[in-house]
*Asks:* 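Before anything else, here's the structure in question.
The chains referred to below are lettered A, B, ... by the order of the sequence lines, with proteins before strands, and numbering in each begins at 1.
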Amino acid sequence: MFAVFRKPKTFKLRALHSQKKFGVAGRSCQEVLKKGCLHLQLPVAGSRLCLYEDGTELTGDYFWSVPDNSELVLLTSGQTWQGYVSDISGFLSAFHRPSAGLIQAARQLLSDERAPLRQKLLADLLHTISENIAAETRAEDPPWFEGLESRFQSKSGYLRYSCESRIRSYLREVNSYAPTVGEEAQGEYTRIVDLMCQKLRAVQYNGSYFDRGARAGLRLCTPEGWFCCQGPFDVDSCASKHSINPYGNRESRVLFSTWNLDHIIEKKRTVVPALAEAVTERDGREVAWEYFYSLLFTSENLKLVHIACHKKTTHKLSCDPHRIYKLPTKSKRRRPARKCQ
DNA sequence: TCGTTCTTCTGTCGTTATCT
DNA sequence: AGATAACGACAGAAGAACGA
């Protein structure tokens, strides 16, 4: 089809590094370029048109396939444009190792800022770049420890403690369920709680989950301390890409306490009642307490989630009926259990 | 023995789901 | 609509264990 029969294509055009746009229409690349150069008082020779978005050059073939009202940049000989996408990536790399001057400049901008959106963007940016992630001890980063007991001397130590204490509270809940199981089964129930307690002590209540210094398989974060939201219990990943580094600054540390360890198969509604039932109905069989242990206290059944990804509805999941009792094997000699709790 | 640290327990918070 | 329950967490108090 001849271009002359077509409706002209419309564009928004600007010069390199200029915020001012103007409308241009034309039936060919050349026509738009000529009009643009005329308007901007630039030479046509050596000039060309690029998409503002990603810098793709607008050529004869490509001309008709871009959408109407696309934004273009007019480049003269020697000028280049990689698109605003590269602007963002350039902007981000400037903050990878921010200089004191950069931070100061951002602070100045923020203090004069009235518009809420820009205020938020600047505040979030400052918050992020003013993190002192590498620091680990109280001496290296005193503000991080503000409000914490003096016994906490390292960030890893505190986060390890906070994880332990979460896991401990799960054990306490399991234990507090004991009086509700039948008279006959209570002894066995408390014996199992006791075994779980010993196992938890052996692994220090899985405090390593929050400890960036822990071995790779034992922690839920990167060696720098970044945690990523694992998404709602019934979804594979976090659509919002939530992430946090509680090691960064005090605010992140406080905010991290609103992140939850969510039991995929629910602790209170499902796992604990199932354990109680398994003990009551065991009928000579041996309860596979390690299975329940893994559901209650380990990352096998725990997801670390941002509060927005924490669904409090009933999960409607149940324990695997095939894993509740141990398979009948040759009897093992039982070691006397040490008192626990 | 005394001070410190660990552990347990209680009360509370904020949010969301569910019941009345 | 309002009350209630569940979830997951935290602070602080108090008791237990530890170590110089």
*Asks:* Whole Å only: how far is the CG atom of A:N301 from the P atom of C:dC7?
*Replies:*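 To the nearest whole Å, that distance equals 13 Å.
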
*Asks:* Ion pair present between A:E113 and A:K120, side-chain N to carboxylate O less than 4.0 angstrom?
*Replies:*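 No, this pair does not count.
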
*Asks:* Check whether any side-chain N or O of A:K267 sits under 4.0 Å from OP1 or OP2 of C:dG8, and answer yes or no.
*Replies:*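 Indeed, a polar side-chain atom of A:K267 lies that close.
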
*Asks:* Please tell me which of the listed nucleotides, C:dA11, C:dA9, C:dG8, lies nearest to the side chain of A:S257?
*Replies:*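 Shortest atom-to-atom distance from the side chain points to C:dA9.
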
*Asks:* Report which part of the nucleic acid A:L261 touches: base, sugar-phosphate, or nothing (heavy-atom distance under 4.0 Å, all strands).
*Replies:*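 Contact class for A:L261: sugar-phosphate only.
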
*Asks:* Under the criterion side-chain hydrogen bond (donor to acceptor under 3.5 Å, both in side chains), I'd like the reasoning laid out for A:T56 against A:D54: C-alpha separation, chi angles, the key distance, then a yes or no.
*Replies:* CA-CA 6 Å; A:T56 313; A:D54 61 5; 2.7 Å; yes

*Asks:* Report the distance from atom SG of A:C229 to atom CH2 of A:W259, rounding to the nearest 0.5 Å.
*Replies:*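 A:C229 SG to A:W259 CH2: 5.0 Å, rounded to 0.5 Å.
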
*Asks:* State which of B:dT5, C:dC7, C:dA9 makes the closest approach to the side chain of A:S150.
*Replies:*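 Nearest to the side-chain atoms of A:S150, counting from C-beta on, is B:dT5.
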
*Asks:* Any donor-acceptor pair under 3.5 Å linking the side-chain atoms of A:S208 with those of A:D211?
*Replies:*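 Distance-only check fails for A:D211 and A:S208.
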
*Asks:* Between A:H306 and A:H242, how do the two ring planes meet: parallel, tilted or perpendicular, split at 30° and 60°?
*Replies:*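 Plane angle under 30°, so parallel.
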
*Asks:* Please report, rounded to the nearest Å, how far the C1' atom of C:dA6 is from the OH atom of A:Y177.
*Replies:*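 Interatomic distance, OH of A:Y177 to C1' of C:dA6: 14 Å.
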
*Asks:* To the nearest Å, give me how far apart CZ (A:R166) and C1' (B:dT7) are.
*Replies:*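 So the CZ-C1' distance, A:R166 to B:dT7, works out to 18 Å.
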
*Asks:* CD1 of A:I307 versus C1' of B:dA17: gap in Å, rounded?
*Replies:*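 One finds 14 Å between C1' of B:dA17 and CD1 of A:I307, rounded.
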
*Asks:* Please classify the nucleic acid contact of A:Y170 as base, sugar-phosphate, or nothing, using heavy-atom distances under 4.0 Å.
*Replies:*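 If one applies the 4.0 Å heavy-atom cut-off, A:Y170 turns out to touch the sugar-phosphate alone, with no base involved.
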
*Asks:* A:H263 side chain: which of B:dT7, C:dG8, C:dC7 is closest?
*Replies:*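 So the nucleotide nearest the side chain must be C:dG8.
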
*Asks:* Report the distance from atom OH of A:Y161 to atom P of B:dT4, rounded to the nearest whole Å.
*Replies:*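 Atom OH in A:Y161 sits about 17 Å away from atom P in B:dT4.
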
*Asks:* Would you kindly give the CZ-to-P distance between A:R172 and C:dC10, to the nearest whole Å?
*Replies:*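 From A:R172 CZ to C:dC10 P: 12 Å.
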
*Asks:* What is the distance from CD of A:E173 to P of B:dC9, rounded to the nearest Å?
*Replies:*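 The answer, rounded to whole Å, is 13 Å.
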
*Asks:* In whole Å, I'd like the distance from the CG atom of A:N260 to the P atom of C:dA9.
*Replies:*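 About 5 Å, once rounded to whole Å.
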
*Asks:* So does A:R168 get a side-chain nitrogen or oxygen closer than 4.0 Å to the phosphate oxygens (OP1/OP2) of B:dC6?
*Replies:*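 Checking A:R168 against B:dC6: no side-chain N or O falls below 4.0 Å of OP1 or OP2.
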
